[in-house]
Visitor: 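Got a structure here, written out as structure tokens. Questions coming.
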Amino acid sequence: MHNQPTSFFFSLLLLLRISALSAQHQVYVVYLGGHSGLQTPEEIENIHRSYLHSVKSSREEAAASIIYSYKNAINGFSAFLTSQQADALSEMDGVISVFRSQPSRLHTTRSWDFISLLEANWDASMANGEDLLKQAGYSQNVTVGVIDTGIWPESESFSDTDMGPIPSYWKGSCQSGDQFNSSNCNRKIVGARYYLKGYEAAYGPVDPKFDFKSPRDMAGHGTHAASIVGGRMVPNAAAIGGIGSGTASGGAPLVRLAVYKVCWAVPGASMAEGNACFDDDLIAAFDDAIADGVQVLSVSMGRSTSVPYERDGIAIGALYAVKRNIVVACSAGNSGPDQSTITNVAPWVITVGASSIDREFSSPVMLGNGVVLVGQSITPFDEAGTYPLVYAADVEIPGSTTSENNGLCMSGTLSPDLVRGKAVFCRSGATFETLEVARAGGAAAVLGNSYEGMGVIGQSFMIPTTTILSNEIPIVYNYTVSNKAATVTLKPVKTLSGTLAPFMAPFTSRGPSLVDPNILKPDVTAPGLNILAAWSEAASPLNVPADKRVVKYQFLSGTSISCPHVSAVAALLRALHPNWSSAAIRSALITSSKPSNNEGGSITNAQGNPSTPFESGAGHIQPSLAADPGLVYDASYGDYLLFLCASSGNRLDPSFHCPDDDDDVPSASHFNYPSLAIDDLEDGRMRVARVVTNVGPARSTYTVTINQPPGYTVKIAPAVLRFSAVGERQMFNITVTAGGGAVENVYAFGSFVWSDGIHRVRSPIAVTNSD
Ligand SMILES: *[C@@H]1O[C@H](CO)[C@@H](O)[C@H](O)[C@H]1NC(C)=O
Ligand SMILES: *[C@@H]1O[C@H](CO)[C@@H](O)[C@H](O)[C@H]1NC(C)=O
Ligand SMILES: *[C@@H]1O[C@H](CO)[C@@H](O)[C@H](O)[C@H]1NC(C)=O
Ligand SMILES: *[C@@H]1O[C@H](CO)[C@@H](O)[C@H](O)[C@H]1NC(C)=O
Ligand SMILES: *[C@@H]1O[C@H](CO)[C@@H](O)[C@H](O)[C@H]1NC(C)=O
């Protein structure tokens with residue numbers, strides 16, 4: 001075969017490419033650990049090819065099947081393989097894991113009609129925000145990598161006016177492509193790259209109708225996230241109709257942004273499917289971001305189910321980022337309110353839940369019988385309008401629905417003859433419902449909230465639309481079914497400030513983590529409900545073809561939106577404390593978070609019940625307090641690897657050797673995390689150790705207070721820690737004992753706080769016991 005003429009070789013390549021897309025060949029990631037730094041890029045690529053050659057019939061086939069060869073920090077490659085070839089590779093020396101490259105999804109509430117900016121309310125949530133920003137030099141020497149759908153570089157939020165030169169450490173680049181060239185980067189957008197080989201292997205070439213083959217953002221999500229991290233202050237930014245008007249600003253307005261586009265529109269996909277971000281593209285982005293010199297990475301996406309770390313592109317990429325002391329913030333997911341829905345749970349990342357800010361967009365609904373309901377809307381309409389009101393199930397095309405799914409205003413179900421000029425009531429609502437009402441000629445829509453309790457996800461619909469709370473649905477239902485001449489009056493949106501906040505967004509994913517129940521996740525919560533931020537002008541507010549409107553700023557909800565808030569604060573902390581570890585920065589964020597709301601009660605969930613640490617983590621981030629946490633729970637790269645010995649027995653980095661004797665492997669609960677989770681108390685009692693490092697005044701004395709989890713006794717010894725130097729470390733033991741009141745297999749929650757009278761270093765506790 002080596003002697004075949006070139007033309008044959010090329011047709012063979014072509015055949016291989018085609019067959020590679022057939023069912024037998026799928027894209028796999030072959031993960032080999034990290035690089036020793038001793039090999040040249042050519043040597044690395046040769047090693048990767050020789051692995052492939054050992055399972056492929058020829059060198060040519062091996063060369064043609066490779067997709068990515070990871071050469072910077074992460075060692076491994078992705079390639080088209082059959083499942084037999086994948087199995088054979090996984091048996092080979094040096095191979096840690098071989099896994100199918102799977103798509104992550106963006107963590108907006110609807111994967112397709114994603115995002116939006118940092119607004120005035122953000123400042124309110126940052127006590128002394130301005131001082132902190134000044135001290136941090138507005139983070140102008142820090143670069144945050146945003147791994148997402150790209151960026152809309154023309155947005156005013158990304159202007160580089162008056163920004164100083166790009167920091168000398170920066171090694172990134174600006175990659176040209178469809179409607180994007182090096183002129184689109186500036187002193188604000190210092191890097192922009194895109195990764196689509198994994199996507200194209202699954203879906204074929206990017207369709208220019210649905211996405212730009214370049215770092216340019218067609219979806220809006222990446223632009224929204226980047227502007228939350230580091231958008232400039234833009235006065236009078238507002239969503240369509242002037243709603244939410246105020247100064248738009250990122251959390252770190254002078255930070256440098258580096259864009260890594262890994263998520264691509266799935267053509268013809270159902271809207272819920274939206275964009276796909278494949279593992280092998282993600283790993284390539286992490287590998288480059290690490291080499292480029294980012295100090296913080298913001299990752300607003302995740303897999304729909306939890307996957308073990310060694311098969312999770314984000315967990316692998318983040319581990320090597322953290323090895324270089326890069327802080328990685330990830331969204332927790334939007335699969336709530338069910339428990340154990342949380343994703344991105346590795347202890348080396350910051351996992352961010354989503355909660356409300358103290359602002360609501362009120363748009364009351366008045367029924368013809370005089371009953372007034374609490375409605376919420378961000379759809380602009382100028383005047384109150386009164387319309388005949390019909391229930392969707394009564395105006396459907398016969399046969400288009402069943403008794404199970406009627407009344408939902410699903411696409412193609414409403415009869416134009418019965419709907420024209422009327423307001424339609426749909427039992428639950430997001431985007432498609434009002435699109436269907438509009439398609440059928442309806443004049444307005446009343447949507448029932450899809451979630452129970454508080455928390456309505458606002459969207460800029462195209463016809464007057466108001467969403468009512470779920471407990472109000474039966475009221476409207478009863479009224480419409482018993483009145484042939486029902487009417488409704490919708491009132492225009494009024495912005496209410498200072499409302500009860502934060503409460504947890506109903507969709508925010510919940511712990512305990514299925515991958516590692518001995519690490520408490522999420523870590524913290526941050527604003528993620530109806531947040532205004534910059535938008536792509538190639539995306540409409542609803543991100544559907546029927547919507548032709550162009551906006552510069554727009555509202556979005558999701559943990560996709562809360563994550564970049566934390567990335568912004570991490571960038572400020574990085575500027576303030578250049579030599580803190582990424583673990584110290586995470587610890588500062590966690591232990592300074594606030595578990596209470598603006599009325600002094602517990603942060604609640606959307607139902608109004610006190611939230612548990614599995615919903616809100618340690619609480620809402622408090623940037624100014626995080627800047628001066630007093631003590632930190634530090635961890636080194638080696639500590640994470642030792643943790644992995646216990647948690648999964650898998651070593652993500654083969655250069656590290658787990659203790660030979662299992663008895664020498666500490667339980668995962670021992671990992672020096674700023675919170676404590678014990679999935680199952682062994683023998684009703686367990687002792688774990690923690691080490692705190694003094695980052696406050698040299699001389700200080702901390703005393704512990706414990707809020708006992710009901711049914712358990714937590715003892716901490718010693719109960720007083722005396723420090724005489726900055727950087728001094730002190731160890732303490734925590735002993736947890738199940739008492740008579742402990743309910744088997746039900747989590748109990750508590751906390752402990754170290755305080756020197758000035759700093760409060762608070763750690764939440766979650767514990768269960770099965771015996
Ligand atoms: C940023 O870096 C430049 C050059 O390295 C230095 O002169 C400047 O003081 C730094 N600014 C801040 C706020 O750290
Ligand atoms: C980038 O594209 C713009 C618009 O097409 C063009 O004006 C500009 O010269 C290009 N810049 C570079 C560096 O190619
Ligand atoms: C709706 O009507 C039913 C039957 O008449 C009644 O039982 C129910 O309480 C009503 N619900 C509301 C919220 O008015
Ligand atoms: C941080 O860096 C500064 C300056 O390089 C050094 O003086 C200080 O000791 C370092 N602190 C720690 C905790 O490593
Ligand atoms: C923690 O417990 C271990 C095991 O009993 C003990 O050796 C150690 O001295 C204790 N540490 C502290 C600070 O009490």
Side-chain angles (χ1 to χ4, degrees), residues 150-156 158-160 165-166 170 172-194 208 211-218 223 257-259 261 518 536-538 550 587 591 630-635 639 642-643 646 659 661-674 676 678 681-694 700-706 712-725 727-738 752-756 761 763 765 767:
I151 196 156
W152 189 260
E154 290 81 9
S155 170
E156 226 186 307
F158 307 125
S159 153
D160 69 351
I166 294 171
W170 182 245
S173 62
C174 195
Q175 193 179 355
S176 295
D178 187 7
Q179 297 186 44
F180 199 97
N181 65 26
S182 57
S183 303
N184 291 119
C185 290
N186 58 15
R187 289 178 171 190
K188 163 58 76 178
I189 304 172
V190 299
R193 300 175 183 256
Y194 64 96
D211 216 330
F212 298 106
K213 193 171 172 177
S214 75
R216 184 173 288 276
D217 180 14
M218 195 176 269
T223 300
L257 295 169
V259 173
K261 178 170 174 179
N518 290 311
S536 162
E537 292 183 40
V550 172
S587 173
T591 62
L631 304 175
V632 293
Y633 293 80
D634 209 348
D639 293 332
L642 184 61
F643 155 82
D661 188 344
D662 278 353
D663 291 344
D664 296 335
V665 177
S667 138
S669 301
H670 281 275
F671 178 67
N672 198 36
Y673 213 64
L676 174 63
I678 300 175
L681 272 185
E682 295 148 22
D683 311 319
R685 186 185 154 96
M686 189 172 182
R687 192 189 55 241
V688 301
R690 287 288 186 273
V691 175
V692 281
T693 306
N694 182 21
S700 48
T701 302
Y702 283 83
T703 310
V704 78
T705 345
I706 303 167
Y712 294 82
T713 306
V714 174
K715 288 200 169 126
I716 291 182
V720 177
L721 298 174
R722 288 193 178 80
F723 295 90
S724 55
E728 185 181 341
R729 294 151 63 87
Q730 297 262 8
M731 191 218 215
F732 60 92
N733 285 329
I734 311 170
T735 309
V736 182
T737 313
F752 59 92
V753 180
W754 288 102
S755 179
D756 63 351
V761 188
S763 299
I765 302 172
V767 56

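Ligands are counted one by one from 1 in listed order, and the atoms in each one are counted from 1 as well.
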Visitor: Counting each atom of ligand 2 from 1 as listed, which ones have a heavy atom of Ser182 under 4.0 Å away?
Guide: 13 (C)
Visitor: So is Ala717 in contact with ligand 5, going by heavy-atom distances below 4.0 Å?
Guide: yes
Visitor: Do Val736 and Leu681 have side chains that get closer than 4.5 Å, going by heavy atoms?
Guide: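 In contact.
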Visitor: Work out whether the distance between some heavy atom of Arg687 and some atom of ligand 5 is less than 4.0 Å.
Guide: yes
Visitor: For Thr223 and Asp217, does a side-chain donor sit closer than 3.5 Å to a side-chain acceptor?
Guide: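 Side-chain D/A pair, Thr223 to Asp217: present.
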Visitor: Provide, to 0.1 Å, the distance between atom 1 (C) of ligand 2 and the closest protein heavy atom, together with that atom's residue and name.
Guide: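 That would be Asn181 ND2, 1.4 Å.
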Visitor: Given side chains that start at C-beta, do those of Val692 and Arg690 come closer than 4.5 Å, heavy atoms only?
Guide: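 Of all side-chain heavy-atom pairs linking Arg690 with Val692, none is under 4.5 Å.
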Visitor: Atom 13 (C) of ligand 5: which of Met731, Gln730, Arg690 has the nearest heavy atom?
Guide: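 Going through Met731, Gln730, Arg690 one by one, Met731 has the nearest heavy atom to atom 13 (C) of ligand 5.
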Visitor: Charged N to carboxylate O below 4.0 Å: is that the case for Glu728 and Arg722?
Guide: no
Visitor: Which atoms of ligand 5 have any heavy atom of Pro718 under 4.0 Å away?
Guide: 13 (C)
Visitor: Just say parallel, tilted or perpendicular for the rings of Phe671 and Phe643, cut-offs at 30° and 60°.
Guide: tilted
Visitor: For atom 2 (O) of ligand 5, what's the nearest protein heavy atom and its distance?
Guide: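 Of every protein heavy atom, Asn733 ND2, 2.2 Å lies nearest to atom 2 (O) of ligand 5.
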Visitor: Establish whether atom 11 (N) of ligand 2 and some protein heavy atom are separated by less than 4.0 angstrom.
Guide: yes
Visitor: When you measure from atom 5 (O) of ligand 5 to the protein, is at least one non-hydrogen atom found at a distance under 4.0 Å?
Guide: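 When distances to the protein are checked, atom 5 (O) of ligand 5 has a heavy atom within 4.0 Å.
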Visitor: Polar contacts were defined as any N/O atom of the residue lying under 3.5 Å from an N/O atom of the ligand; does this apply to Ser183 and ligand 2?
Guide: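 N/O-N/O distance below 3.5 Å exists for this pair.
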Visitor: Does any donor atom in the side chain of Asn518 or Ser669 lie under 3.5 Å from an acceptor atom in the other side chain?
Guide: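 Distance-only check passes for Asn518 and Ser669.
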Visitor: Within the supplied structure, the quantity of interest is the number of heavy atoms (other residues, nucleotides, ligands) at a distance under 6.0 Å from Glu156 CD; does it exceed 12?
Guide: no
